[in-house]
Protein chains: 2
Amino acid sequence: MPRKQTTKTPPRRPDSDRAHSSTVEDYLERILELINTKGYARVVDIAESLQISQASVTNMVQKLDAEGLLNYERYRGMILTTAGQTLALNITRRHQLLTDFLGLLGLEDNVIYRDVEGMEHHISAPTVRAIEALTEQLKRQPALLERVRTAAQQ
Amino acid sequence: MPRKQTTKTPPRRPDSDRAHSSTVEDYLERILELINTKGYARVVDIAESLQISQASVTNMVQKLDAEGLLNYERYRGMILTTAGQTLALNITRRHQLLTDFLGLLGLEDNVIYRDVEGMEHHISAPTVRAIEALTEQLKRQPALLERVRTAAQQ
DNA sequence: AAAGAAAGTTAGACGGGGCTAAGATTATTT
DNA sequence: AAATAATCTTAGCCCCGTCTAACTTTCTTT
């Protein structure tokens, strides 16, 4: 193997790129969903929804409180702050959009669910807009969609 | 807040769901790319490509060797095993597909790059097929694409 | 063939996010 | 109002993937 070349370990890129981790987005999404459906989000419900232990939820909720994404009162409950709501709505919107889009392509629900769960954290605003626009157009092209579904069917 | 309900912390889901982490996929993808372009993948190059320290690369490469994804010889170099190649090709294909697809929608290169980098790890085989089929169809619909691009342009 | 430079490795630490076990608090039964 | 059940919290641990500092090996120069 040859040598010689610009070397040296490169400088680290700061993580201010995405303000919040996928994990944080997941929590907020579920919390909002619980609030919308049951009126409140309890630790036990969040744990159930995310399939993790209650202890982990308590930990994270305390962190989310510290980050100003929700107001949390020990043993009592939590509500989303404006910042938290904004984030939760944002991720929810991305989730819904991707779900609709993949549904249009004829994918199975469980496949959609899994893929969306992963992708939703990595789709930027411009891409959201583009896929929204595409979805709009596709809805008016049933013949095209039919061809896609057929072709994709293994 | 109400109580009463099925309780108990749920059982953990085993991580055998996705055999390899996004991180592993990222490494393999870069290693394959380096091998294809320069003929070999050195620790220093992988580090540069991934923007992480050489030490981290050495660590991971040893782990990839242990997992049978590549054969690694201390101080000397590495080559992908068949398993490693398969995985690398697979992720590369997903990367390319997503890049093409988003490109079709008229998104900017840097946006595409960032989003694809994140999404490529979360797109299952069926979804790959569906997007492939969709891409095929879209290429034949310049007018539709034009409408999408225009609409997406904020 | 030294000496210096580049590349690679090891050791030890750290943050994120998960877990279990045990204890504290709140709600529900009796 | 006890007693019991459900929920929540804390403490301590673990794994992953990253880092820095120091050291070793290999390559390039001279």
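By convention in this document, chain letters (A, B, ...) are assigned in the order of the sequence lines, proteins followed by strands, and residues within each chain are numbered from 1. Bear in mind the structure is a predicted one, so any value in this text is a computation, not a measurement.
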Rounding to an integer number of Å, can you tell me how far B:Arg76 CZ sits from D:dT26 C1'?
7 Å

Output a table of donor-acceptor pairs, distance under 3.5 Å, between side-chain atoms of residues 134-144 of chain B and any protein atom two or more places apart or on a different chain; print 'none' if there are none.
{"residue": "B:Thr135", "atom": "OG1", "partner": "B:Ile131", "partner atom": "O", "Å": "2.7"}
{"residue": "B:Glu136", "atom": "OE1", "partner": "B:Arg140", "partner atom": "NH2", "Å": "3.2"}
{"residue": "B:Gln137", "atom": "OE1", "partner": "A:Arg147", "partner atom": "NH1", "Å": "2.6"}

Can you find a side chain N or O atom of A:Arg42 that sits less than 4.0 Å from OP1 or OP2 on C:dT26?
no

Salt bridge A:Glu146-A:Arg149, side-chain N to carboxylate O under 4.0 Å
yes

I need the OH-C1' distance between A:Tyr40 and D:dC8, as an integer number of Å.
15 Å

Here the distance between atom P of D:dC16 and atom NE2 of B:His20, to the nearest Å, is 14 Å

Can you spot which of B:Gln96, B:Arg93, B:His95 makes a side-chain hydrogen bond (donor to acceptor under 3.5 Å, both in side chains) with B:Glu120?
B:His95

Smallest heavy-atom separation, B:Met60 atom then B:Thr23 atom, equals CE-CG2, 3.7 Å

Quick one: does B:Asp115's side chain have a donor or acceptor within less than 3.5 Å of a partner on A:Ser124's backbone?
yes

Can you tell me how far P of C:dG18 sits from CD1 of A:Ile52, to the nearest Å?
5 Å

Measure the distance from CD on B:Gln54 to P on D:dT25 and round it to the nearest whole Å.
17 Å

Taking 4.0 Å as the cut-off, does a side-chain nitrogen or oxygen of A:Ser56 come that near to OP1 or OP2 on C:dC19?
yes

B:Thr81 side chain to B:Leu69 main-chain N or O, any donor-acceptor pair under 3.5 Å?
yes

Does OP1 or OP2 of C:dC19 have a side-chain N or O of A:Ser53 closer than 4.0 Å?
yes

Indicate whether OP1 or OP2 belonging to D:dT10 is found under 4.0 Å from a side-chain N or O atom of A:Arg74.
yes

To the side chain of A:Thr23, which of C:dG18, C:dT26, D:dC19 is closest?
C:dG18

Heavy-atom contacts under 4.0 Å between residues 58-66 of chain A and DNA chain C, which residues?
A:Asn59, A:Met60, A:Lys63

Does A:Asp45 offer a backbone N or O that forms a donor-acceptor pair with the side chain of A:Ser49 under 3.5 Å?
no

Which listed nucleotide (C:dA21, D:dT26, C:dA11) is nearest to the side chain of A:Ala55?
C:dA21

So, is B:Tyr27 close to the D:dT18 phosphate, meaning a side-chain N or O under 4.0 Å from OP1 or OP2?
yes

Between P of C:dA24 and OH of A:Tyr75, the distance in whole Å
8 Å

Between D:dG17 atom C1' and B:Gln51 atom CD, what is the distance in whole Å?
16 Å

C:dG16 OP1/OP2 closer than 4.0 Å to side-chain N/O of A:Ser21
no

